[in-house]
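In this text the structure is predicted, and so the values were computed from the model without any measurement.
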Amino acid sequence: LLLFKMAGELSSSEESQNSTAYSESEDDLQKRSMAGRTMRKLKQANVPLELLCGVTVALALVPEAVAFALSAGLTPSIGLHSAWVIAFITAIVGGRPAMICGATGSIAVLLGDTVRDLGVEYLFVAVVMMGAIEIALGMMGVGRLVMLIPTSVMIGFCNGLALVIGLAQFNNFKVPKSWLEEEQQRAQPDGRLLGSFEAFLSETPFISGSEAYSAIAVTFVSFCVCLFLPKLTKKIPSALIAIIVGTIIEWAFVRAVFHTRTPLVKDIAALHGSLPQIAWLEEKYHMPPLNWETCRQLLPLSITMAAVGLLESLMTLNLIDELTGTKGDTMRECIGQGVACVVCGLLGGMGGCAMIGQSMINVSSGARSRLSSATAGLMLLVIVMVAWRLINFIPVSALVGVMFNVVYHTFEWSSLKLLLLAALPLSMREKFFSRKNRSKQKIRRADAIVILAVTLVTLFTDLAIAVAVGMLIACFTFVYDTATQISVNTREDVDRTTGQPIKYYEVHGVLFFGSCTQFLSLFDEHNDPEDVRLVFDSGYVADYSAIQALNKLGERYGSLGKSVKLQQLKPGCGKLVEKSAGLLVNEVEVIVEEEEVLPAEREHLNVEHFSPRRERSDSAFSRQSTPNSRRGQDAYVRTRTTSDQEHEV
């Protein structure tokens with residue numbers, strides 16, 4: 001911004017000193033316009049408020065970044081550096097101002113197996129590949145496809161993510177490796193994994209006795225502070241106050257009064273204040289070779305991380321759009337997320353995406369520009385560089401309380417009632433619920449199955465597979481319902497020029513691969529006249545299967561010496577049929593120009609009450625009463641009769 005401003009001031013001073021006019025190049029004009037727009041946005045924004053929101057969000061990012069890193073078996077420094085790198089870069093190049101990004105639980109739940117089986121070095125490569133995939137998907141415009149995700153899939157996504165994060169927190173009640181004897185330390189696996197049932201399957205023992213009671217007490221107090229403090233004030237981050245209160249309880253009561261202890265951050269993985277370096281240049285990492293075998297091994301994880309990251313980011317973007325009344329750029333957001341993950345992976349980070357909770361804190365506090373997001377990233381870097389010694393003495397139980405608060409706000413509790421009402425039969429709903437609840441708040445059982453399926457699959461596999469399963473069930477349900485809704489209305493008429501009978505089939509619904517069989521069963525080719533018209537005024541020809549169904553119908557009528565004509569095609573399906581005209585059999589003819597078609601009886605009733613006055617009815621429908629329009633004549637006669645009766649009354 002300073003460079004653009006200085007360039008503008010320099011060029012303006014040169015213009016004032018130079019008496020001869022000159023024409024500026026297009027690049028200079030573009031730079032000036034960009035600088036002008038940026039400066040205008042900064043002037044319009046409330047800079048002190050934006051800075052304060054950024055600092056508040058940065059303080060709230062610290063405990064979650066540390067908690068996610070520890071739960072995934074990584075050091076706190078990896079989580080904190082990942083958080084500020086992603087937050088700062090997405091604030092600059094992302095597509096949604098005021099949205100906060102960083103290290104998230106949805107990404108952390110995917111990293112456990114790779115960190116355990118291959119090592120943290122392979123994780124860095126996977127994060128770089130994740131960013132490259134996100135950039136490619138963004139350039140392909142995949143971000144727009146988020147509008148196709150059903151609400152039931154989103155609810156299952158949130159519920160599954162909350163359960164995975166919640167179950168994984170029980171890992172933090174295990175005995176730290178640093179507390180064990182040297183021989184026991186060798187037998188224990190490195191790191192703590194964010195798996196759903198890892199805490200209950202691992203051989204590492206839980207803490208017991210006074211240590212367990214103290215850890216539960218600190219966790220409960222931390223959770224209650226996070227849950228109830230926002231009801232008193234939202235000016236102070238509740239997660240930060242919860243950690244401070246938990247730390248005071250740990251050092252002032254647990255250790256000083258009761259002479260016991262709970263695990264600290266330094267007991268799991270100590271934090272050191274230093275700037276991140278390129279992972280390939282650090283001696284402590286033994287990076288894998290960049291060949292096809294490594295890419296093939298990490299490609300499934302990278303695709304899953306990219307899908308989950310973009311899904312959560314675009315969901316958060318849409319939510320902020322609704323709250324602020326503005327529109328974010330999905331394509332730019334996907335590319336910005338990809339660039340941030342590439343840089344994060346190169347610097348030895350765990351990747352990340354948008355954070356719904358922190359974004360809501362930022363937006364609800366009044367932030368609307370990128371300044372708040374960039375401030376959050378830079379402030380987090382300052383905290384890491386200055387306050388790293390304090391972070392080492394934070395009790396892990398306090399971080400667990402913060403994570404349980406994230407679980408509480410992530411889970412869609414209202415979905416439990418929806419699932420219950422959908423599962424119960426009508427007799428039980430009438431017995432246990434009021435009329436309003438049992439009749440006005442019930443969803444389809446198919447949607448309830450989608451919510452339950454996504455939630456359960458998340459627990460046993462991962463979020464990407466769960467979303468894919470939910471989309472598959474939802475799409476199958478939609479296809480089945482749409483396939484059964486196709487129907488036809490028939491009407492017979494006489495051709496005024498030839499005197500031959502004509503039968504009209506008015507198609508209602510979508511003709512596609514799922515409805516072709518039912519569509520073909522709606523016709524009576526043996527008893528129909530030689531001239532059959534298919535009217536698609538209320539229908540739609542969707543795909544190649546529909547073209548083949550029309551061919552089969554034409555062949556049936558053609559074998560009996562009859563013809564089929566298609567007319568009143570809508571613009572979309574008309575273009576499809578026009579391009580596929582060479583694939584149609586000779587018995588099927590497409591009529592491009594619009595023709596008046598004899599309507600069904602129900603359409604006559606819509607015009608009878610058009611006007612209560614006879615003069616208005618006569619003038620209104622006289623334009624429709626042409627010799628070639630039976631519809632206009634019928635409407636005119638029926639309306640005139642009704643008007644006469646009203647006039648007599």
Side-chain angles (χ1 to χ4, degrees), residues 65-66 68-86 89 102-138 168 171 177 185-195 198 202 268-272 274-310 335 337-353 461-465:
V66 174
F68 286 136
L70 293 178
S71 300
L74 303 171
T75 61
S77 59
I78 292 179
L80 290 170
H81 286 309
S82 301
W84 78 259
V85 168
I86 293 178
I89 294 179
T104 59
S106 59
I107 298 297
V109 297
L110 307 173
L111 309 181
D113 293 338
T114 300
V115 174
R116 177 185 58 190
D117 299 336
L118 301 178
V120 69
E121 294 86 358
Y122 281 83
L123 172 62
F124 302 153
V125 180
V127 173
V128 174
M129 295 174 59
M130 165 191 175
I133 294 172
E134 289 180 339
I135 294 174
L137 294 177
N171 275 311
K177 189 175 180 180
Q185 290 183 10
R186 297 194 189 99
Q188 297 300 324
D190 294 330
R192 297 189 175 195
L193 305 181
L194 196 61
E198 183 66 28
S202 174
I268 308 300
L271 176 65
H272 303 284
S274 60
L275 286 173
Q277 299 179 4
I278 297 178
W280 277 262
L281 301 180
E282 291 201 37
E283 296 181 356
K284 63 179 180 180
Y285 294 134
H286 302 283
M287 301 304 297
L290 300 178
N291 51 27
W292 168 247
E293 181 62 25
T294 302
C295 295
R296 184 190 62 80
Q297 195 171 10
L298 297 176
L299 186 60
L301 174 64
S302 301
I303 294 176
T304 303
M305 293 169 64
V308 172
L310 290 182
I335 296 176
Q337 293 281 343
V339 173
C341 287
V342 169
V343 176
C344 182
L346 292 175
L347 296 178
M350 59 182 290
C353 59
T461 57
D462 58 64
L463 290 169
I465 296 178

Which atoms form the tightest heavy-atom contact between [X] and [Y], and what is the distance?
| X | Y | value |
| --- | --- | --- |
| A69 | P76 | CB-CA, 4.2 Å |
| M130 | I107 | CE-CD1, 4.0 Å |
| A72 | A108 | CB-O, 4.0 Å |
| G352 | C341 | O-SG, 3.7 Å |
| E121 | M287 | O-CE, 3.5 Å |
| T114 | L123 | CG2-N, 4.3 Å |

Show the numbers, then the answer: is there a side-chain contact (heavy atoms from CB on, under 4.5 Å) between W280 and L290? CA-CA 11 Å; W280 277 262; L290 300 178; 4.1 Å; yes
Sequence neighbours excluded and cut-off under 3.5 Å, please list the side-chain donor-acceptor pairs for residues 293-304, or say none.
{"residue": "E293", "atom": "OE1", "partner": "R296", "partner atom": "NH2", "Å": "3.4"}
{"residue": "E293", "atom": "OE2", "partner": "R296", "partner atom": "NH2", "Å": "2.4"}
{"residue": "T294", "atom": "OG1", "partner": "P289", "partner atom": "O", "Å": "2.7"}
{"residue": "T294", "atom": "OG1", "partner": "N291", "partner atom": "OD1", "Å": "2.9"}
{"residue": "S302", "atom": "OG", "partner": "A126", "partner atom": "O", "Å": "3.2"}
{"residue": "S302", "atom": "OG", "partner": "L298", "partner atom": "O", "Å": "3.0"}
{"residue": "T304", "atom": "OG1", "partner": "P300", "partner atom": "O", "Å": "2.8"}

What's the spacing between I135 CD1 and Q337 CD if we round to 0.5 Å? 11.0 Å
So do the side chains of [X] and [Y] get within less than 4.5 Å of each other, counting heavy atoms only?
| X | Y | value |
| --- | --- | --- |
| C353 | L310 | no |
| F124 | I78 | yes |
| F68 | V109 | no |

Set of side-chain contact (heavy atoms from CB on, under 4.5 Å) partners for [X], sequence neighbours left out:
| X | result |
| --- | --- |
| A132 | none |
| L275 | L381, M385 |
| Q277 | E282 |

Quick one: list whatever passes side-chain hydrogen bond (donor to acceptor under 3.5 Å, both in side chains) with S106, sequence neighbours left out. T104, E312
Is there a donor-acceptor pair under 3.5 Å between the side chain of E134 and the backbone N or O of G338? yes
Acceptor/donor pairs from residues 344-351 side chains to any protein atom, 3.5 angstrom cut, sequence neighbours excluded:
none

